[in-house]
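Here's the structure we're looking at; comments come further down.
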Amino acid sequence: MGEATAPLDERKGRVTLVGAGPGDPGLLTIRGLRALEAADVIVADRLGARAVLDEFGPTLRAEVVDVGKLPGHHAVPQDAINALLVTLARDGKHVVRLKGGDPFIFGRGSEEVAFCRDAGVAVEVVPGVTSAISVPAIAGIPLTHRGLATTFTVVTGHDQIQALGGARDHTVVLLMGIGTLANSAITLARGERGPGCPVAIVEDGYGPRQRVTVGTLDTIALQAARRGIRSPAVVVVGDVVTLSPYAPEALEAPAAHHRKAPQQ
């Protein structure tokens, strides 16, 4: 018989990946907050994580290491972040890696987990609220709705767009997609969705610049340019956009019957 696995020595260093959510400290999970309170060092991104640290930082004992992108220079390279997590953990510290949104949704969290495990460092993941779902909710947009949309896909707005099928009942959520918005809109309009498919952009969700822009695949790029839309922003494509109170009257007709109260 093999030997039983020894219990984790709490004095040994370890890493906890914590999802900070989309930028509202109230959307940090309780488990995530408990991890922050127990941390010796917090290795933090800027997007999403900064609001959490601004809210809870004064009550935390941990040292904060900022590895996120700052105005005027790039973020710390991923390889350097991986090495830092392992180095700190091997020094016997409880390290919290605080990442915006959810660590496993386009956040490279799985790479950090694999690197730590390969180095023999204990690692745990605390999920976070992803902006892909929570930011559209600000604009009153559900990604699925009975009779209107039964599936959704989250992409980054790059190469995945070309191979993405479906019609207007297949909701598409674009993250990090403002720089390639015009190309994405043209590509999606070529398929079953068509140029009149509704689109919404929610800028700076839960932040001070929060703003919603609604249009269609054939108008949204021009609207974004005229309004000076900037990242961070989440783009939603599909008929679910018509459920938003921000949707203009011209977009309401296809989904108007879904707004009515159910018959008794």
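The analysis underlying the following values was restricted to heavy atoms, covering all of them including side chains, and did not include hydrogens, waters or symmetry mates.
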For Leu181, I'd like to know if atom CG has over 12 heavy atoms of other residues, nucleotides or ligands within 6.0 Å. yes
Val41 reachable from Val76 in the ILVMFWY side-chain graph, under 4.5 Å edges: yes
Mind checking what makes salt bridge (charged side-chain N to carboxylate O under 4.0 Å, His left out) contact with Asp54, not counting sequence neighbours? Arg50
Look only at the side chain of Ser244 and the backbone of Tyr246, and say whether a donor-acceptor pair between them is shorter than 3.5 Å. yes
Please round to the nearest 0.5 Å and tell me the distance separating atom OG1 of Thr144 and atom CD1 of Ile133. 9.0 Å
Identify which one of Val241, Asp239, Val240 satisfies the side-chain contact (heavy atoms from CB on, under 4.5 Å) criterion when paired with Arg168. Asp239
Checking the side chain of Arg61 only, and the main-chain atoms of Ala38 only, is there a donor and an acceptor separated by less than 3.5 Å? yes
Checking the side chain of Glu55 only, and the main-chain atoms of Ala51 only, is there a donor and an acceptor separated by less than 3.5 Å? no
Euclidean distance, Ile229 CD1 relative to Arg209 CZ, rounded to 0.5 Å: 10.0 Å
Quick one: list whatever passes side chain to side chain donor-acceptor pair (under 3.5 Å) with Asp24, sequence neighbours left out. none
Heavy-atom closest pair, residues Gly23 and Pro25: O-CD, 3.5 Å
Counting heavy atoms not belonging to Tyr206, are there more than 12 under 6.0 Å from its OH? yes
Which value, rounded to the nearest 0.5 Å, describes the distance between His170 atom NE2 and Thr151 atom OG1? 4.5 Å
At their closest point, which heavy atom of Ala132 faces which heavy atom of Leu143, and how far apart are they? O-CD1, 3.5 Å
Has Thr29 got a side-chain atom pairing as donor or acceptor with Gly32's backbone, closer than 3.5 angstrom? yes
Point-to-point distance, once rounded to the nearest 0.5 Å, from CG of Leu27 to OG of Ser131: 11.5 Å
In Å and rounded to the nearest 0.5 Å, what is the CG to OG1 distance from Leu175 to Thr130? 6.0 Å
For Phe56, does its backbone N or O pair with a side-chain atom of Thr59 as donor and acceptor, under 3.5 Å? yes
Would the distance check show the side chain of Arg193 and the main-chain N or O of Gly166 forming a donor-acceptor pair, the cut-off being under 3.5 Å? yes
Linked, directly or transitively: Val96 and Leu17 (ILVMFWY side chains, under 4.5 Å): no
Salt bridge (charged side-chain N to carboxylate O under 4.0 Å, His left out) between Lys93 and Glu63, intermediate numbers included: CA-CA 11 Å; Lys93 299 183 185 298; Glu63 172 191 359; 5.8 Å; no
Arg211 vs Asp204 side-chain heavy atoms within contact, under 4.5 Å: no
Taking atom OG1 of Thr16 and atom CG of Leu36, what is their separation to the nearest 0.5 Å? 9.5 Å
Using 4.0 Å as the upper bound for N to carboxylate O, is an ion pair formed by Arg31 and Glu124? yes
Can any side-chain N or O of Glu203 pair as donor or acceptor with the backbone N or O of Arg230 at less than 3.5 Å? yes
Quick check: does any side chain N or O of Asp66 sit under 3.5 Å from a backbone N or O of Gly68, one acting as donor and the other as acceptor? yes
What pair of heavy atoms forms the shortest contact from Val121 to Ala89, and how long is it? CG1-CB, 3.6 Å
So, the side chain of Ser110 versus the backbone of Phe104: is there a donor-acceptor pair under 3.5 Å, distance only? no
Look at the side chain of Lys99 and the backbone N and O of Ala44, then say whether any donor-acceptor pair between them is shorter than 3.5 Å. no
Given side chains that start at C-beta, do those of Arg14 and Lys12 come closer than 4.5 Å, heavy atoms only? no
Restricting to side chain to side chain donor-acceptor pair (under 3.5 Å), what partner residues turn up for Glu37, sequence neighbours left out? Arg34
Cluster check Ile161, Ile201: I/L/V/M/F/W/Y, side chain < 4.5 angstrom: yes
Pair Thr216, Thr219: side-chain N/O donor-acceptor within cut-off below 3.5 Å: yes
